[in-house]
Amino acid sequence: MPLSQALSEFRRLLRDLAGDLRQFGRDRRRLVDELETLTSVLLAILLGHLAGVQHVGWAAFSGYIVMRSDVRDSCARGCLRVLGTCIGAAGALLVLRHLQLNPYEQAGLLGTVGSITLYLTLVGRYGYAWLLGGLTYAMVVLASLQAPDQLEQYALSRLLEVALGTSACVLVSALSTYGVRARLWPRVPTTVASAPRTLGVWQPLALRHALQGGLALALLALGATGKIEVDISQAAITILAVMVVPFNGLSSAGKAVSRRLLHRMLGCLLGGGLAAILLLVSQESLWLTLAGVALGVLIGRHLENGPLGIGYLGMQFALAFLVVMVPDHYDHIDPVAGMARLGGILLGFLVLEPVYWISTWLIRRLSPSRT
């Protein structure tokens, strides 16, 4: 995306953000969804602390991202999230404990697994499960490169965090579906389920796109062997999340990826920046921190459900906000840990952007007839 076009898009996004935030509270359905999501996130945080998980923010984001307007949809999405996490964590443990691979082999295998799961995310029927499988595998492998003595603990904690966040979401969604929503909208029209994707196994554009994402993951893994003072798992999440574009947009994937990069970057900078400011203002106060969490979740969900096409930006705002703002221990709220996770998100941008555009340029040079 040319710089002038990116700046124009950036200015338009800021106008849309300001305009949509002025509509807060005016749509009752959006407000109910925002309050459901906030309740789910707060319950996930409580459960995460009671269980003593490592990264409470990941449990909180699971409580956020699984929420849908009907409990059946929330449950289905939650099952796919838990299933994908189980597959990814188990696969990483098997590889790391039974295959004696050097860092270069680990990087190559991570790139291969990332490419496969990203490809299946793009073309498969249960894409969300494949995405979580690839994400979890990458998170565990990268964590093992930085702290190999905590491998099992890290993998089990990721699974527990997702399970707790998903459980909190499904419980809140059930109470709202059969309580609040049943009273406010007793006659909700039945929606016709969309047919599952029936794409063929061989999709060259999707494969090329997935290989580019896998290459970025492999290079990230090579960098993880050095001393990087950021949460590198957040970089892997950034790479895979940005590369998940609608299948029908792969023919113009460059524009789609550029737009998602811009939306994710702006969302993460705004969410992470707001969280950093609130952490400094809260001065390790529990109630001020929780009030800040509530503010960020409501803003992120409001933007995600808006009609202006900036839903992905809102989701990324919430992700960055939660991973930075939600402390792992409320008895000692450490802003440095939040900044390390935000640094990991920014690292993902720095790795993916040059890898994607250089590889795209080379592909076009080698295959001029297909451009």
Side-chain angles (χ1 to χ4, degrees), residues 1-13 103-123 127 130-131 134-135 138 142 199-200 202-226 228 230 232 234-269 309 312-313 316 343-371:
M1 181 184 293
L3 179 60
S4 59
Q5 185 179 350
L7 291 175
S8 176
E9 178 76 7
F10 183 77
R11 288 193 293 267
R12 185 187 65 81
L13 283 175
Y104 296 98
E105 292 170 333
Q106 285 283 19
L109 183 57
L110 175 59
T112 301
V113 172
S115 297
I116 292 172
T117 54
L118 182 56
Y119 178 78
L120 293 173
T121 299
L122 295 172
V123 306
W130 287 113
L131 175 61
L135 277 176
L142 292 172
L199 300 174
W202 175 243
Q203 298 292 340
L205 285 176
L207 179 61
R208 188 188 80 176
H209 191 75
L211 289 173
Q212 290 174 298
L215 176 60
L217 284 176
L219 293 177
L220 180 65
L222 290 177
T225 58
I228 302 177
V230 299
I232 201 166
Q234 296 299 326
I237 295 171
T238 295
I239 290 170
L240 286 174
V242 169
M243 293 298 283
V244 177
V245 299
F247 180 80
N248 56 9
L250 286 176
S251 58
S252 57
K255 293 181 180 179
V257 172
S258 294
R259 187 175 296 109
R260 287 175 80 85
L261 273 170
L262 181 61
H263 284 212
R264 182 172 173 84
M265 183 177 294
L266 180 58
C268 288
L269 289 176
Y312 185 71
L313 185 152
Q316 300 312 312
I345 293 172
L346 297 178
L347 176 62
F349 294 129
L350 295 177
V351 173
L352 178 60
E353 184 78 6
V355 168
Y356 181 80
W357 289 113
I358 290 173
S359 62
T360 299
W361 179 80
L362 288 174
I363 291 170
R364 290 175 177 173
R365 290 280 294 180
L366 295 174
S367 305
S369 61
R370 296 184 180 182
T371 58

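None of these values were measured; they are calculated from a predicted model. For the single chain, residues carry numbers from 1 onward in sequence order.
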Only counting residues at least two apart or in another chain, list the ones meeting side-chain contact (heavy atoms from CB on, under 4.5 Å) with [X].
| X | value |
| --- | --- |
| Leu109 | Val95, Leu101, Val113, Tyr137 |
| Ala241 | Arg264, Tyr312 |
| Ala138 | Leu110, Ala236 |
| Leu350 | none |

Distance in Å, [X] [atom1] paired with [Y] [atom2], rounded so as to fall on 0.5 Å steps:
| X | Y | atom1 | atom2 | result |
| --- | --- | --- | --- | --- |
| Met243 | Ser115 | CE | OG | 9.0 Å |
| Leu217 | Leu142 | CG | CG | 7.5 Å |
| Gln106 | Leu222 | CD | CG | 11.0 Å |
| Trp130 | Leu118 | CH2 | CG | 12.5 Å |
| Arg208 | Leu205 | CZ | CG | 6.0 Å |
| Thr117 | Leu135 | OG1 | CG | 7.5 Å |

Where [X] and [Y] come nearest, the two heavy atoms and their spacing:
| X | Y | result |
| --- | --- | --- |
| Ala210 | Tyr119 | CB-N, 3.6 Å |
| Gly348 | Ala235 | N-CB, 3.6 Å |
| Val355 | Val351 | CG2-O, 3.1 Å |
| Gly127 | Thr121 | O-OG1, 3.4 Å |

Residue pairs passing the side-chain hydrogen bond (donor to acceptor under 3.5 Å, both in side chains) test where at least one lies in residues 346-355, sequence neighbours excluded: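 Pairs touching residues 346-355 that pass the test: Glu353-Trp357.
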Is there side-chain contact between [X] and [Y], with at least one heavy-atom pair below 4.5 Å?
| X | Y | result |
| --- | --- | --- |
| Leu122 | His209 | yes |
| Leu347 | Leu220 | yes |
| Leu207 | Val123 | no |

How would you list, by chain and number, every residue that makes a side-chain hydrogen bond (donor to acceptor under 3.5 Å, both in side chains) with Gln212, sequence neighbours excluded?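 Checked Gln212 against side-chain hydrogen bond (donor to acceptor under 3.5 Å, both in side chains); matches are Ser359, Thr360.
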What verdict does the side-chain contact (heavy atoms from CB on, under 4.5 Å) test give for Leu352 and Thr238, after you've listed the backbone C-alpha separation in whole Å, the side-chain angles of each residue and the deciding distance to 0.1 Å? CA-CA 9 Å; Leu352 178 60; Thr238 295; 5.7 Å; no
Give the C-alpha distance, both sets of side-chain angles, the deciding distance and a yes or no for side-chain contact (heavy atoms from CB on, under 4.5 Å) between Ile116 and Leu120. CA-CA 6 Å; Ile116 292 172; Leu120 293 173; 4.1 Å; yes
